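Down below is the structure, laid out as structure tokens.
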Amino acid sequence: MVAKKSTRQRRGSPKAAYEPSEVESKWQKEWEKGGLYETSNAPKRKKYILDMFPYPSGDTLHVGHVEGYVGTDILSRFERMRGADVLHPMGWDAFGLPAENYAIKTGINPDQSTHNNIKIFKRQLTNTGMSYDWDHEIDTSSPEFYKWTQWLFILMYKRGLAYKKMADVNWCPSCETVLANEQVVEGKCERCGTEVVQKKLSQWFLKITKYADRLISGLDKIDWLEGVKVQQKNWIGRSEGAQVKFEVENDKAGQFISVFTTRPDTLFGATFMVIPPDSEWVEKLTTKGKKDAVSEYIKLETSRTNKVGEEKGKTGIFTGSFVINPATEEKIPVWIANYVVSGYGSGAVMGVPAHDARDFDFAKKYDLPIKWVIESTRGKANESEAYTGEGKIVNSQEWNGWTTPDSIGKVIEYLEKKGTGKKQVQYHLRDWLISRQRYWGAPIPMVYCPACAKKGLSWFTTSIGSDGAGNSKFEIRNSKTNKKNENLKFKIENSADWSAGWYPVPEDQLPVYLPKDVDFRPTGESPIARSKEFQEGVVCPNCGAKAKREVDTMDTYVDSSWYFIRFTDPKNTSEFASREAIKQWLPVDTYVGGGHVVQHLLFARFFWKVLFDAELLDESAGDEPFLKLRAPGWILGQDSRKMSKRWGNIVTPDDIIPKYGADTLRMYEMFMGPFDAVKPWNLTGVEGMWRFINRVWRLVVENDKVNLVEEKDQQEVVRVQHKTIQSVTKDIEELHFNTAIASLMEFVNLLQDKAQESTDHRLQSMAKKDAIVGRQRPASTRPASICVERASPIAGSQSTVDRIICAEWKDAIKALLLLLAPFAPYITEELWHQTGSESSIHLQPWPEFDPELIQEETVAIPVQVNGKFRGTIEVDQVQGRDQKEVETRARESVPKYLEGKKVNKVIFVPARLINFVVS
RNA sequence: GCCGGGGUGGUGGAAUGGUAGACACGUCAGCCUUAAGAGCUGGUGGAGCAACAGCUCCGUGCAGGUUCGAGUCCUGUCCCCGGCACCA
């Protein structure tokens with residue numbers, strides 16, 4: 001196609017043609033030798049610019065992944081040139097299910113396949129011109145890293161933030177293994193297609209719910225995309241309301257069922273209660289006569305697979321029991337129904353059919369009474385559907401007339417006084433289940449001692465008073481003897497759930513190595529359980545008896561919750577990162593990556609806050625880890641579909657770089673559109689950028705003797721140069737790479753025109769006029785431009801011909817290369833050296849602009865009549881601010897629109913616009 | 001259903017409330033060439049009038065509004081993309 005070697009060679013040209021592969025491999029080697037991107041040990045003005053590190057899968061990186069990395073690379077190079085000390089690291093989120101599944105299929109150890117993939121990824125990134133400091137590389141699957149992942153888990157445990165409890169998990173009966181939610185596709189196992197069932201297993205959780213409020217409030221002080229913040233808030237799902245107690249009727253009198261409601265003001269309208277099929281109340285409330293029907297119903301409901309996204313019809317069955325509505329003091333029936341989510345709130349719901357759409361549907365279906373207690377301020381409610389809006393309370397005795405939002409507070413006050421309810425805050429966020437019955441992850445560093453378990457022993461945390469500032473102080477004690485455990489040197493902050501017999505692995509025994517003697521094929525238990533070496537010599541840290549290790553591994557999101565801290569001090573063997581390194585580099589200034597809007601970004605913020613509270617971070621780092629977050633948009637295939645093997649539309653850097661070079665790839669990706677927009681790949685666009693890169697090459701290589709004869713040309717070049725510096729600088733800061741490149745193109749277009757004019761000038765002075773006038777000059781015979789008037793030879797020139805060039809031109813080319821350097825690091829480095837410089841362009845200071853030089857002498861002012869554009873006038877800067885002058889000139893310029901009209905008003909914006917309002 | 005983000009030429013996209021379409025892709029015409037490619041010059045939102053050089057009208061999903069002036073602000077509405085989804 002375009003890039004065939006022969007097509008690039010310009011016939012008769014004495015200058016070397018642009019060969020990206022030669023240029024790029026040459027400078028890649030040079031940069032590696034020179035340690036160009038070494039991170040400072042003592043940063044003065046630090047910038048931590050971070051990518052979301054990739055999972056090294058068997059598929060190579062495609063151009064979509066590269067987009068974000070190019071963006072941060074440009075930013076990093078830019079900041080370095082501006083004199084910042086930049087930390088720009090890369091590493092590998094190496095643990096995870098795909099590698100393990102691949103291992104199961106092929107028998108190749110995940111350790112091996114992962115590390116092969118890492119090699120490929122690293123090569124691709126290097127070829128693409130990324131300026132990572134590989135001395136800071138990390139690999140989450142290396143013991144040097146996961147030792148600290150385990151250490152952090154124990155920290156959580158000690159702070160009462162890790163606990164073990166029974167939980168429902170996705171279980172594939174055929175593969176006999178637990179599946180992550182992502183592995184359950186439409187209710188079926190993604191590997192074998194078997195229906196996934198729920199199974200109760202004892203699991204480790206991290207208490208992220210404790211941080212719910214701070215995870216919400218922290219969002220206010222960071223520069224993230226609004227959409228991401230909103231999604232996190234929704235995920236946490238804080239809602240305020242009331243807990244209301246309903247007393248059970250008849251022989252169960254004295255027992256209360258609590259419900260959570262955001263609309264206690266509708267309490268008089270509660271005509272029934274609903275509980276989910278798995279509620280503990282089902283057994284207690286089902287009356288004798290209903291037993292068979294209820295158990296049949298529950299059997300039917302629990303056997304139904306809850307397909308994701310599919311709307312279930314609401315079904316239910318009456319338990320036979322009643323509760324008392326504390327407001328009306330009337331008895332209302334308790335139903336079991338499938339539309340109540342267990343595990344949210346108290347697991348029971350008051351049915352207010354008049355003012356809740358779901359309750360309305362249910363009441364209609366089972367013919368339950370509907371009682372209207374809220375009246376819309378806009379008038380009478382339409383009784384064919386529930387009215388869920390705000391309004392005035394009616395039919396509710398002394399509450400009548402209260403209106404939302406005040407009514408809610410008033411009702412809660414009323415209920416509190418009566419002792420039947422209280423204010424309550426609910427969250428959707430659940431504690432984070434981190435246990436995985438999988439091989440390829442960090443082992444959970446806990447030990448189970450059957451002997452201690454028998455005696456009911458464990459370590460637990462207990463309050464030892466307060467610190468005076470209202471915060472409780474805790475310490476760890478033996479659960480039976482209540483004796484303080486002196487081995488544990490840390491401050492405990494909260495009381496932990498605990499399980500008898502469980503102890504953290506002592507810190508000096510970390511890491512708990514992932515065993516190698518493991519057959520990772522699934523048989524129903526965690527693969528590590530079958531390792532012999534894993535359990536060898538394990539003893540109870542409390543009593544010394546023979547004990548067993550936890551055989552589950554941690555969710556890989558645990559690794560990525562703190563990896564960005566490790567980047568600051570990746571080789572530290574005595575701490576997860578030194579306080580000094582944390583102080584120097586954190587928090588992250590700019591974090592770029594797509595997806596993971598809730599999971600990773602929420603978990604990482606949670607970890608950070610825990611570390612902050614544990615005083616393991618320097619205070620200067622603050623309690624939010626990522627100050628600025630941006631997400632690159634998806635790159636779609638050329639067919640506008642998502643890149644996927646299925647469509648065969650994947651484009652990788654390896655498809656582009658051999659033909660066009662990494663500079664073209666980088667520039668094209670940045671020019672496609674706004675950084676965060678979804679945009680389709682287009683090969684002809686790549687070729688366009690290839691042509692631009694070549695134009696830059698020729699502009700510099702072929703025009704080494706340009707002189708700008710006319711003073712106005714000199715001024716124009718200087719003006720545009722400074723304007724370009726201004727706009728490119730601003731655009732990079734705001735990640736508007738597409739418009740930065742557009743300004744660079746305009747600058748190149750101007751320089752090209754000027755070079756040509758200079759050449760024409762020379763030709764005219766050399767040849768007979770009639771040889772040129774009226775005839776196009778063939779490109780192949782175009783000689784290098786020349787300067788005759790103002791000579792300033794370049795130092796160190798090898799050429800036998802005098803190299804003559806004027807200062808303005810030289811300066812402009814220099815500025816162009818510097819501005820282009822972060823985008824196209826290879827070609828700019830090559831041209832920088834070709835124009836006589838010795839040191840790397842990437843070590844040069846970023847060019848400055850002079851605002852005064854940007855000012856044009858004259859300004860074009862649009863003239864409007866009644867807001868319609870009718871012409872422009874050209875006036876100089878000073879006159880352009882003078883209304884009288886502009887008005888006179890403007891009137892002259894558009895006579896036919898003003899003739900015979902009355903000018904009622906003149907709108908004048910100095911140096912910008914004039915508008916005549918006429919009638 | 002709810003929450004976010006968007007609808008601008010043939011295409012990707014530019015536009016602090018002030019000349020809509022920067023910059024590119026594509027395309028058309030011309031130069032160069034045995035030819036192809038590359039390169040170079042010029043045109044290119046639509047419609048109409050006028051014929052080299054000029055002019056008019058219409059144009060940012062749709063309908064209104066605010067304003068001297070709206071792609072931009074406000075109200076309503078339709079469509080597309082992403083996320084959440086029986087959370088009481």
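Quick note: numbers below take in every heavy atom, side chains included, and nothing from hydrogens, waters or symmetry partners. In this text, all values refer to a predicted model and were calculated from it rather than measured experimentally. We name chains A, B, ... by the order of the sequence lines, and we start the count at 1 in each one.
- When the C1' atom is compared between U75(B) and G21(B), the two are found 28 Å apart, to the nearest whole Å.
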> What would the secondary structure line of RNA chain B be in dot-bracket form, counting Watson-Crick and G-U wobble pairs under 3.5 Å, with [ ] for pairs that cross earlier ones and | for pairs with another strand?
Replying inline: (((((((..(((.....[....)))((((((.......))))))(((((....)))))..(((((..]....))))))))))))....

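- Protein atom CG of Asp361(A) is 12 Å distant from nucleotide atom C1' of G1(B), rounded to whole Å.
- Counting only residues at least two apart or in different chains, side-chain hydrogen bond (donor to acceptor under 3.5 Å, both in side chains) contacts with residues 258-269 of chain A comprise Arg263(A)-Asp265(A).
- For the residue pair Ile412(A) and Lys423(A), the shortest heavy atom distance occurs at CG2-N, 3.7 Å.
- Side chain to side chain, Ser239(A) and Gln426(A) fail the donor-acceptor criterion of an N or O pair below 3.5 Å.
- In this structure, the side chains of Ile732(A) and Phe823(A) come closer than 4.5 Å at one or more pairs of heavy atoms.
- One can place CZ of Phe869(A) at 11 Å from P of U56(B), the figure rounded to the nearest angstrom.
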> Reading nucleotides 4-9 of chain B from the 5' end, what letters show protein touch, with B for base, S for backbone sugar-phosphate only, - for no heavy atom under 4.0 Å?
Replying inline: S-----

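- Side chain of Glu746(A), nearest nucleotide from A88(B), G12(B), A22(B): A22(B).
- Side-chain contact check for Thr315(A) and Tyr297(A): at least one donor-acceptor pair (N or O, by modelled atom type) lies under 3.5 Å.
- For an aromatic pair to be called close, the ring centres must be under 6.0 Å apart, and Tyr339(A) with Phe362(A) satisfies this.
- Residues Met745(A) and Phe692(A) come closest through the heavy atom pair CG-CE1, 3.5 Å.
- Looking at Glu716(A) and Lys754(A), a side-chain N of the basic residue comes within less than 4.0 Å of a carboxylate O on the acidic one, giving a salt bridge.
- The distance from atom CZ of Arg691(A) to atom P of G26(B) is 5 Å, rounded to the nearest whole Å.
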